[in-house]
Number of protein chains: 2
Amino acid sequence: MAQEREWRCGDPQQQRKWAEATTDALRVLEGKWKIVIICQLFGAKEALRFSELERRCEGVNQKMLIQQLKELEKDGIVTRTVYPQVPPKVEYALTEMGKALGPSMAELIDWAFMRRERMADELTP
Amino acid sequence: MAQEREWRCGDPQQQRKWAEATTDALRVLEGKWKIVIICQLFGAKEALRFSELERRCEGVNQKMLIQQLKELEKDGIVTRTVYPQVPPKVEYALTEMGKALGPSMAELIDWAFMRRERMADELTP
DNA sequence: CGGCATCCGGGATGATACTG
DNA sequence: CAGTATCATCCCGGATGCCG
């Protein structure tokens with residue numbers, strides 16, 4: 001949308017260039033749980049507590065979740081807000097840069113549903 | 001688009017349901033190079049030779065590329081075509097399921113460009 | 001020469017117990 | 001509740017060899 005897909009041309013030189021750009025940017029999303037985390041934060045439409053995030057990212061463990069959240073925070077994708085109270089409360093939300101991933105995540109979630117439907121179809125033809 | 005984003009509602013029960021669906025589907029994209037591979041195949045608009053793919057996925061090594069391609073093939077995302085000739089020629093292309101990831105990958109690539117621009121802006125304000 | 005397999009070291013990931 | 005610490009495991013990367 002923003003780029004009008006001007007990058008999708010046949011010029012090898014140009015392709016090499018955006019290949020580099022994407023590889024570089026995708027490095028931020030590297031890590032087993034990052035896309036899952038972002039999808040969940042995006043779908044929730046609001047900040048999520050650590051425990052809630054942990055519940056939604058099925059199969060993740062505390063250590064990994066914390067680590068990946070730290071990296072996402074460092075890369076400017078999520079914000080971490082601490083509420084000084086007992087019991088402790090920490091919320092995570094998407095930054096502007098993180099929210100900009102929204103369209104992509106939305107399409108990804110649609111794909112997930114489409115895929116699940118097709119998988120179900122194959123079992124009952 | 002396909003789902004009209006009907007999944008993006010406030011109902012906790014519903015959210016838990018699609019959280020599970022997405023987590024499950026995203027497992028297919030798990031692996032350090034899979035999204036990069038798909039992005040490159042999508043951007044190329046055509047089948048790519050192994051060596052060409054290797055060149056475009058900057059930083060990958062043969063072993064990893066082969067492994068990830070095998071998993072993607074097993075999960076029905078890419079097809080592998082062998083041309084019996086010397087020197088050997090093997091081409092990889094997206095399946096229908098793989099092409100369905102197009103919109104998401106396109107948005108992802110746009111995000112990559114947007115991010116690169118913003119990173120450059122921060123260095124020269 | 002291009003595509004692919006195998007062996008091994010190091011770093012990422014996971015399971016569990018523990019703390020403020 | 002939200003982390004930290006420790007140790008086991010597995011994925012990843014580099015090097016090397018094979019085969020048409």
Side-chain angles (χ1 to χ4, degrees), chain A residues 12 16 23-24 26-41 44 46-75 77-94, chain B residues 12 16 19-20 23-24 26-41 44 46-75 77-94:
Chain A
R16 207 61 55 80
T23 300
D24 180 58
L26 287 180
R27 200 160 295 145
V28 172
L29 304 180
E30 230 173 64
K32 186 165 179 179
W33 298 100
K34 291 190 184 169
I35 292 185
V36 176
I37 292 170
I38 295 168
C39 269
Q40 295 303 328
L41 280 176
E46 59 183 358
L48 290 180
R49 298 190 57 159
F50 180 83
S51 54
E52 181 62 23
L53 212 42
E54 189 179 9
R55 213 171 297 120
R56 297 189 187 211
C57 297
E58 209 172 339
V60 76
N61 57 17
Q62 283 191 342
K63 183 185 134 189
M64 273 303 103
L65 185 52
I66 289 171
Q67 177 188 309
Q68 307 266 302
L69 282 169
K70 269 185 183 168
E71 292 182 16
L72 285 174
E73 187 189 6
K74 185 168 71 63
D75 287 328
I77 307 295
V78 306
T79 59
R80 179 175 178 274
T81 309
V82 181
Y83 296 87
Q85 63 185 41
V86 177
K89 176 179 173 182
V90 181
E91 281 191 342
Y92 293 88
L94 293 173
Chain B
R16 206 63 56 78
E20 183 183 348
T23 299
D24 180 58
L26 287 181
R27 199 159 296 145
V28 172
L29 304 179
E30 232 172 62
K32 186 167 180 179
W33 298 99
K34 291 190 185 170
I35 291 184
V36 177
I37 292 170
I38 295 169
C39 271
Q40 295 304 329
L41 280 177
E46 59 184 357
L48 290 180
R49 296 191 56 160
F50 180 85
S51 53
E52 181 63 23
L53 212 41
E54 187 179 11
R55 213 172 297 121
R56 297 189 187 210
C57 297
E58 210 170 339
V60 77
N61 56 16
Q62 281 194 343
K63 186 187 129 189
M64 274 302 103
L65 186 52
I66 290 170
Q67 177 188 309
Q68 308 267 299
L69 282 169
K70 268 186 183 168
E71 293 182 16
L72 286 175
E73 186 189 6
K74 186 168 69 64
D75 287 328
I77 308 296
V78 305
T79 59
R80 178 175 180 273
T81 309
V82 181
Y83 296 87
Q85 64 184 42
V86 177
K89 175 179 173 183
V90 181
E91 282 190 343
Y92 293 88
L94 293 173

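Each chain gets a letter, A, B and so on, in the order its sequence line appears, and its residues count up from 1.
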Rounded interatomic separation in angstrom, taking [atom1] from [X] and [atom2] from [N]:
X       : N      : atom1 : atom2 : result
B/Met64 : C/dT6  : CE    : P     : 13 Å
B/Glu54 : D/dG14 : CD    : C1'   : 13 Å
B/Glu52 : C/dG3  : CD    : P     : 10 Å
B/Arg55 : C/dG2  : CZ    : C1'   : 11 Å
B/Glu73 : C/dG3  : CD    : C1'   : 14 Å
A/Leu65 : C/dA12 : CG    : C1'   : 16 Å
A/Asn61 : D/dC10 : CG    : C1'   : 14 Å

Reckon [X] has a side-chain N or O less than 4.0 Å from the OP1 or OP2 of [N]?
X       : N      : answer
A/Gln68 : C/dT13 : yes
A/Ser51 : D/dC1  : no
A/Arg49 : D/dA2  : yes
A/Lys32 : D/dC11 : no
B/Gln67 : D/dC12 : yes
A/Trp33 : C/dG14 : yes

Sequence neighbours excluded, which residues qualify as salt bridge (Lys or Arg N to Asp or Glu O under 4.0 Å) partners of A/Asp24?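 By the salt bridge (Lys or Arg N to Asp or Glu O under 4.0 Å) rule, A/Asp24 matches A/Arg27.
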Let me know which of B/Arg49, B/Glu91, B/Lys89 forms a side chain to side chain donor-acceptor pair (under 3.5 Å) with B/Tyr83.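 Answer to the side chain to side chain donor-acceptor pair (under 3.5 Å) test with B/Tyr83 among B/Arg49, B/Glu91, B/Lys89: B/Glu91.
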Side chain to side chain contact (heavy atoms under 4.5 Å, CB included) against B/Val86, all qualifying residues, sequence neighbours excluded: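 Not a single residue meets the side chain to side chain contact (heavy atoms under 4.5 Å, CB included) criterion with B/Val86.
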A/Lys32: which residues meet the side chain to side chain contact (heavy atoms under 4.5 Å, CB included) condition with it, sequence neighbours left out?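 Expected list: B/Glu30.
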With sequence neighbours left out, what residues match A/Arg80 under side-chain hydrogen bond (donor to acceptor under 3.5 Å, both in side chains)?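 Result, side-chain hydrogen bond (donor to acceptor under 3.5 Å, both in side chains) vs A/Arg80: A/Tyr92.
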Listed partners of A/Glu52 passing side-chain hydrogen bond (donor to acceptor under 3.5 Å, both in side chains), at least two apart: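 By the side-chain hydrogen bond (donor to acceptor under 3.5 Å, both in side chains) rule, A/Glu52 matches A/Arg55, A/Arg56.
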Any side-chain to backbone donor/acceptor pair from B/Gln68 onto B/Trp33? Under 3.5 Å, distance only.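 Yes, the answer is positive, given that a donor and an acceptor are paired below the 3.5 Å cut-off.
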What does the list of N/O pairs under 3.5 Å between the protein and nucleotides 3-9 of chain D look like, with a distance for each?
residue : atom : partner : partner atom : Å
D/dG3   : OP1  : A/Arg80 : NE           : 3.3
D/dG3   : OP1  : A/Arg80 : NH2          : 2.2
D/dG3   : OP2  : A/Tyr92 : OH           : 2.9
D/dG3   : N7   : A/Gln62 : OE1          : 2.6
D/dG3   : O6   : A/Gln62 : OE1          : 2.9
D/dT4   : OP2  : A/Lys70 : NZ           : 3.3

